[in-house]
Novice: 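I am attaching a structure below and will ask some questions about it afterwards.
Throughout, residue positions are numbered sequentially from 1 according to the sequence presented.
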Amino acid sequence: MNESELPGTGARGGGVLRSVLPTLIDVFVPVVVYFVLRGFGVASFWALTIGASVSVVSVLVGVFGRRRLDGVPLLVLLMFSVGIAITFLTHDPRILLVKPSFFFVVVGGYMVVSCFLGRPLMYEFIRPVAAGGDAESLARFELTWEQVPRFRKMVYIMTVVWGVTWIGESLVRVVVVYSFPQGRVGEALIWTVVALVVCLLPALVFTFVGGRRMLSVGAAFNETIDQDELAHRTRQVAR
């Protein structure tokens, strides 16, 4: 097995980082949309609203693809609707800028809490990447999780790191946005992106370094895995 792959799989270690990519797209694309629309003379409120709609479109595409509306997409749609409604009532476009904070503080809080409720949320993110649609790969990953305490500890730590990161970024975003008056939402938007990068960079570096260690630990375990136990678990997960 190649150490650049997740435990017992053909999935590259970069899969953990790639799981963050949709979030980064949802953050940066609205910024580009906002400034393009402002360049065409569109009012700040509508430019922000249309830009924020990018994440909604992304969610809807995912919902139609899975043919079900679960917790996270529902929360995104709810936050978007509430943000638009409050903005109309208060006439303060900064509400749209802090709207992601409500979502990410919930996600971050849930990530931290999940560590005390059984399997951490990061486990659910890594599991499908590790499986790669293959029953044996999934079986190897689950056995690694169950039988290697060091691997479990790393997943727990990574979950807490990202949970705290999202909570911290949410609080920083609110402070940054409301340090600007309503008439300077464009500047506030730019600084929210700067704050996001500053907050996420340490977590991304930690994920890369920690992920490499997880791969090494998983690779070592998979060299000694019991083949009969692996075959039995593969049959179980394939059902």
Novice: Indicate yes or no: at least one non-hydrogen side-chain atom of Phe141 is less than 4.5 angstrom from one of Tyr123.
Specialist: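 The answer is yes; the side chains approach within 4.5 Å.
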Novice: Just by modelled atom types, is the Pro120 backbone N or O under 3.5 Å from a matching donor or acceptor in the Ser114 side chain?
Specialist: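 Answer holds: no.
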Novice: How about Phe180 and Val185: do any of their side-chain heavy atoms sit closer than 4.5 Å?
Specialist: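 No; the side chains remain at least 4.5 Å from each other.
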Novice: Quick one: closest heavy-atom pair of Phe35 and Gly186, and the distance?
Specialist: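 Scanning both residues completely, I find the closest heavy atoms to be CZ-O, 3.6 Å.
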Novice: Grouping I, L, V, M, F, W and Y whenever their side-chain heavy atoms are under 4.5 Å apart, do Val160 and Leu121 come out in a common cluster?
Specialist: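 Unlinked, Val160 and Leu121 end up in two clusters.
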Novice: Using the rule that two of Ile, Leu, Val, Met, Phe, Trp, Tyr join whenever any of their side-chain heavy atoms come within less than 4.5 Å, decide whether Val107 and Met122 are in one cluster.
Specialist: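 Val107 clusters together with Met122.
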Novice: How long is the straight-line distance from OG1 of Thr234 back to CZ of Arg140, given to the nearest 0.5 Å?
Specialist: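 The CZ atom of Arg140 sits 7.5 Å away from the OG1 atom of Thr234.
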Novice: First locate atom CD of Glu136, then atom CZ of Arg235, and finally report the distance between them rounded to the nearest 0.5 Å.
Specialist: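 Here the interatomic distance stands at 11.5 Å.
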Novice: Hey, could you give me the CZ/CD1 distance between Arg184 and Ile190, rounded to the nearest 0.5 Å?
Specialist: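 Here the rounded value is 11.0 Å.
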Novice: Is there a chain of hydrophobic side chains (I, L, V, M, F, W, Y, each step under 4.5 Å between heavy atoms) that links Phe40 to Val32?
Specialist: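 Yes: a chain of side-chain contacts under 4.5 Å links Phe40 to Val32.
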Novice: What I'd like to find out is whether the side chain of Val105 reaches to under 4.5 Å of the side chain of Glu169, using heavy atoms alone.
Specialist: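 SC-SC contact between Val105 and Glu169 ruled out.
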Novice: Might you point out which heavy atoms bring Ala47 and Tyr34 nearest each other, and give the distance in Å?
Specialist: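 Taking Ala47 first and Tyr34 second, the nearest heavy atoms are CB-CD1, 3.4 Å.
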Novice: Quick one: are Val106 and Trp166 in side-chain contact, heavy atoms under 4.5 Å?
Specialist: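 The answer is no; the side chains never approach within 4.5 Å.
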Novice: When you measure from the side chain of Arg94 to the backbone N and O of Val177, does any donor-acceptor pair fall under 3.5 Å?
Specialist: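 The answer is no, because no donor-acceptor pair under 3.5 Å joins these two groups.
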Novice: Do Glu142 and Gln236 have side chains that approach each other closer than 4.5 Å (heavy atoms only, starting at C-beta)?
Specialist: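 Sidechains of Gln236 and Glu142: no contact.
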Novice: With hydrophobic residues grouped by side-chain heavy-atom distances under 4.5 Å, do Tyr156 and Val113 end up in a single group?
Specialist: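 Different hydrophobic clusters.
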Novice: Could you check if a side-chain atom of Leu196 sits within less than 4.5 angstrom of a side-chain atom of Thr192, using non-hydrogen atoms only?
Specialist: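 No, their side chains stay 4.5 Å or more apart.
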Novice: Check the surroundings of atom OH in Tyr110: do more than 12 heavy atoms from other residues, nucleotides or ligands lie under 6.0 Å from it?
Specialist: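 No, OH of Tyr110 has 12 or fewer neighbouring heavy atoms, counting only those of other groups under 6.0 Å.
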Novice: Return yes if some donor-acceptor pair links the side-chain N/O of Arg150 with the main-chain N/O of Met154 below 3.5 Å, else return no.
Specialist: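 Not at all, since once roles are kept as given, no pair shorter than 3.5 Å links the two residues.
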Novice: Heavy-atom count check: over 12 atoms from other residues, nucleotides or ligands less than 6.0 Å from Trp145 CH2?
Specialist: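 Enclosed: over 12 neighbouring heavy atoms sit under 6.0 Å from CH2 of Trp145.
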Novice: Can you tell me how far CD1 of Ile167 sits from OG of Ser101, rounded to the nearest 0.5 angstrom?
Specialist: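 Between Ser101 OG and Ile167 CD1, I get 11.5 Å after rounding to 0.5 Å.
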Novice: Keeping Arg173 on the side-chain end and Leu97 on the backbone end, is there a donor-acceptor pair under 3.5 Å?
Specialist: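 Judged by distance alone, yes, a pair lies under 3.5 Å.
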Novice: To check you understand the geometry: which heavy-atom pair defines the closest contact between Ala195 and Val176, and what is its length?
Specialist: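 Residues Ala195 and Val176, closest heavy atoms: CB-CG2, 4.3 Å.
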Novice: Are Phe125 and Val164 connected in the hydrophobic side-chain network, where two residues link if heavy atoms are under 4.5 Å apart?
Specialist: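 In one cluster with Phe125: Val164, no.
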Novice: Using 0.5 Å steps for rounding, measure from the CD atom of Glu124 to the CE atom of Met111.
Specialist: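 Between atom CD of Glu124 and atom CE of Met111 there are 11.0 Å.
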Novice: Less than 4.5 Å apart, any side-chain heavy atom of Leu171 and any of Val175?
Specialist: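 Of all side-chain heavy-atom pairs linking Val175 with Leu171, none is under 4.5 Å.
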Novice: Which heavy-atom pair separates Thr165 from Cys199 by the least distance, and what is that distance?
Specialist: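 Where Thr165 meets Cys199 most closely, the heavy atoms are CG2-O, 3.5 Å.
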Novice: If I take atom CZ from residue Arg152 and atom CD from residue Gln147, how far apart are they, to the nearest 0.5 angstrom?
Specialist: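 The CZ atom of Arg152 sits 9.5 Å away from the CD atom of Gln147.
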Novice: Before you tell me yes or no, could you show the steps for Trp162 and Thr207 under side chain to side chain donor-acceptor pair (under 3.5 Å), namely the whole-Å CA-CA distance, both residues' side-chain angles and the distance that decides it to 0.1 Å?
Specialist: CA-CA 9 Å; Trp162 275 103; Thr207 299; 2.6 Å; yes
